[in-house]
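Everything below concerns the one structure shown next.
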Amino acid sequence: MAKRVAVVLAGCGVFDGSEIHEASAVLVHLSREGAQAEVYAPNIPQMHVVDHVKGQPTPEHRNVLVESARIARGNIKDLATLDVKGLDALIIPGGFGVAKNLSTWATQGKNCSISKEVEGVLRAFHAAHKPIGLCCISPVLAAKIFPGCEVTVGHDTECEQWPYAKTAEAMKELGCKHVNSQVTEAHVDARNRLVTTSAFMCNAPIHHIHDGIGNMVREVLRLA
């Protein structure tokens with residue numbers, strides 16, 4: 001039987017939702033590997049809406065589930081209905097929506113809180129020993145919830161290629177181990193059944209990001 005994988009989205013668009021290329025890459029690689037993706041999002045207001053041309057917030061109000069449905073082509077469920085028993089794995093793509101809508105990392109960093117719904121889902125998969133795949137900024141969710149876990153967001157030294165490397169330092173301060181990696185690689189924490197890859201935390205060609213997400217998806221399915 002095809003493995004059933006929950007994919008949790010955080011809106012639609014890198015600056016206020018899920019990073020669309022990352023979400024698409026996850027869905028493409030799951031399909032290529034013969035897995036069945038089931039897409040979910042929380043039915044909550046977005047923190048704010050960003051004009052992706054100007055890079056500035058607008059006075060609009062949007063809903064995370066409604067916006068995520070754009071990526072899922074309407075085939076999406078309310079995160080409140082997710083039942084871990086019928087699923088084999090969980091994947092959360094990145095994008096600022098993870099740090100704004102699924103958590104408060106964007107405004108509070110390591111002192112953030114995680115949405116109760118999102119934290120409940122992560123803890124349920126972890127308790128069931130089912131693998132969790134996280135890319136780009138979404139490994140901060142694991143760093144906050146699972147002290148001592150091993151994750152990667154790429155590198156811990158800031159430079160032109162790794163402009164968000166300070167994230168790794170904040171994660172270390174939460175008590176997790178950060179493992180430096182290349183954008184095409186995925187890191188596996190076998191004990192916690194966590195698979196992470198840096199994706200757009202790196203200034204890299206989009207096909208390298210796509211390849212790294214593919215490695216993450218394959219490792220998640222191997223553990224499932």
Side-chain angles (χ1 to χ4, degrees), residues 5-11 14 17-19 21-23 25-26 29 89-115 118-126 130-158 161-204 208-220 223:
V5 180
V7 178
V8 174
L9 300 182
V14 57
S18 288
E19 210 297 318
H21 297 290
E22 291 179 20
V26 167
H29 285 294
L90 168 68
I91 295 178
I92 304 180
F96 280 95
V98 172
K100 293 177 176 180
N101 304 326
L102 306 189
S103 73
T104 60
W105 185 276
T107 55
Q108 295 179 295
K110 66 179 181 178
N111 298 316
C112 74
S113 59
I114 309 294
S115 150
V118 173
E119 180 171 352
V121 166
L122 284 161
R123 289 193 182 279
F125 275 90
H126 190 258
K130 294 181 178 182
I132 299 168
L134 303 164
C135 64
C136 194
I137 191 65
S138 63
V140 301
L141 302 175
K144 184 70 179 180
I145 297 172
F146 308 124
C149 69
E150 294 181 9
V151 293
T152 189
V153 289
H155 279 236
D156 56 8
T157 303
E158 194 170 310
Q161 186 181 15
W162 299 99
Y164 308 108
K166 288 180 180 176
T167 302
E169 293 303 318
M171 294 164 80
K172 290 177 190 177
E173 291 173 14
L174 286 170
C176 79
K177 178 181 178 182
H178 181 266
V179 180
N180 283 348
S181 66
Q182 298 304 314
V183 67
T184 56
E185 297 174 331
H187 179 72
V188 179
D189 176 351
R191 183 172 65 88
N192 287 291
R193 303 180 80 75
L194 290 172
V195 186
T196 52
T197 190
S198 60
F200 279 103
M201 298 297 275
C202 182
N203 279 330
H208 288 173
I209 289 158
H210 192 273
D211 291 346
I213 291 172
N215 284 325
M216 182 263 288
V217 168
R218 282 186 289 276
E219 289 294 340
V220 165
L223 293 171

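Everything numeric here is computed off the predicted structure, so don't read it as measured data.
Atoms CD and OG1, on E185 and T196 in that order, are 11.0 Å from each other to the nearest 0.5 Å. Considering CG of D189 and CD of E219, their distance stands at 12.5 Å, rounded to 0.5 Å. Note that CD1 of I145 and CD1 of I114 are 5.0 Å apart. Values are rounded to the nearest 0.5 Å. Put simply, NE2 on H178 and CE on M171 are 6.0 Å apart, with the number rounded to the nearest 0.5 Å. Rounding to the nearest 0.5 angstrom, the gap separating the SG atom in C135 from the CE atom in M216 is 4.0 Å. The distance from atom CZ of R191 to atom CD of E150, rounded to the nearest 0.5 Å, is 7.5 Å.
Here the options are V7, L122, L9, the test is side-chain contact (heavy atoms from CB on, under 4.5 Å), and the partner is I92; only L122 passes. Just one of Q182, M201, Q161 meets the side-chain contact (heavy atoms from CB on, under 4.5 Å) condition when paired with H155; it is Q182.
Across all their heavy atoms, F200 and Y164 have their closest contact at O-CE1, 3.8 Å. Annotation for P93 and V98: closest pair O-CG2, 3.3 Å, computed over non-hydrogen atoms. Shortest non-hydrogen contact noted between G95 and C136 is N-SG, 4.3 Å. Summarising the geometry of W162 relative to G154, their closest heavy-atom pair is CZ3-CA, 3.3 Å, with the distance given to 0.1 Å. Of all the heavy atoms in C149 and C176, the pair that sits closest is O-CB, 3.1 Å. For the residue pair L174 and A143, the shortest heavy atom distance occurs at CB-O, 3.8 Å.
When side chains are defined from C-beta on, T197 counts as touching I213, because their heavy atoms get closer than 4.5 Å. Side-chain atoms of V118 and S103, non-hydrogen and from C-beta on, never get closer than 4.5 Å to each other. A 4.5 Å side-chain heavy-atom check between E169 and D156 finds at least one atom pair inside the cut-off.
Under a 3.5 Å cut-off, the side chain of T184 and the backbone N or O of G212 do not form any donor-acceptor pair. A donor-acceptor pair is defined here as one N or O able to donate and one able to accept, closer than 3.5 Å; such a pair exists between the side chain of E22 and the backbone of G94. One N or O on the side chain of N101 and one on the backbone of A10 form a donor-acceptor pair closer than 3.5 Å. In this structure a side-chain-to-backbone donor-acceptor pair under 3.5 Å is present from K144 to K110. Remark: side-chain polar atoms of T104 are paired, donor with acceptor, to backbone N or O of S113 under 3.5 angstrom. Proximity of a side-chain donor or acceptor of T152 to a complementary backbone N or O of V179 within less than 3.5 Å is detected.
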From CA spacing to verdict: ring-ring contact (aromatic ring centres under 6.0 Å, His included), H29, H210: CA-CA 9 Å; H29 285 294; H210 192 273; 4.3 Å; yes

side-chain contact (heavy atoms from CB on, under 4.5 Å) between H21 and I209, worked out: CA-CA 9 Å; H21 297 290; I209 289 158; over 6 Å; no

W105/I137 under side-chain contact (heavy atoms from CB on, under 4.5 Å): CA gap, chis, key distance, verdict: CA-CA 9 Å; W105 185 276; I137 191 65; 4.2 Å; yes

Worked verdict on V5 versus V217 for side-chain contact (heavy atoms from CB on, under 4.5 Å): CA-CA 10 Å; V5 180; V217 168; over 6 Å; no

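The side-chain contact (heavy atoms from CB on, under 4.5 Å) test applied to F125 returns A6, L82, V84, L87, L90, V121, K130, I132, not counting sequence neighbours.
In K166, the NZ atom is not crowded: 12 or fewer heavy atoms of neighbouring residues, nucleotides or ligands sit closer than 6.0 Å.
Between H126 and F146, the ring-plane angle classifies as parallel under the 30° and 60° cut-offs.
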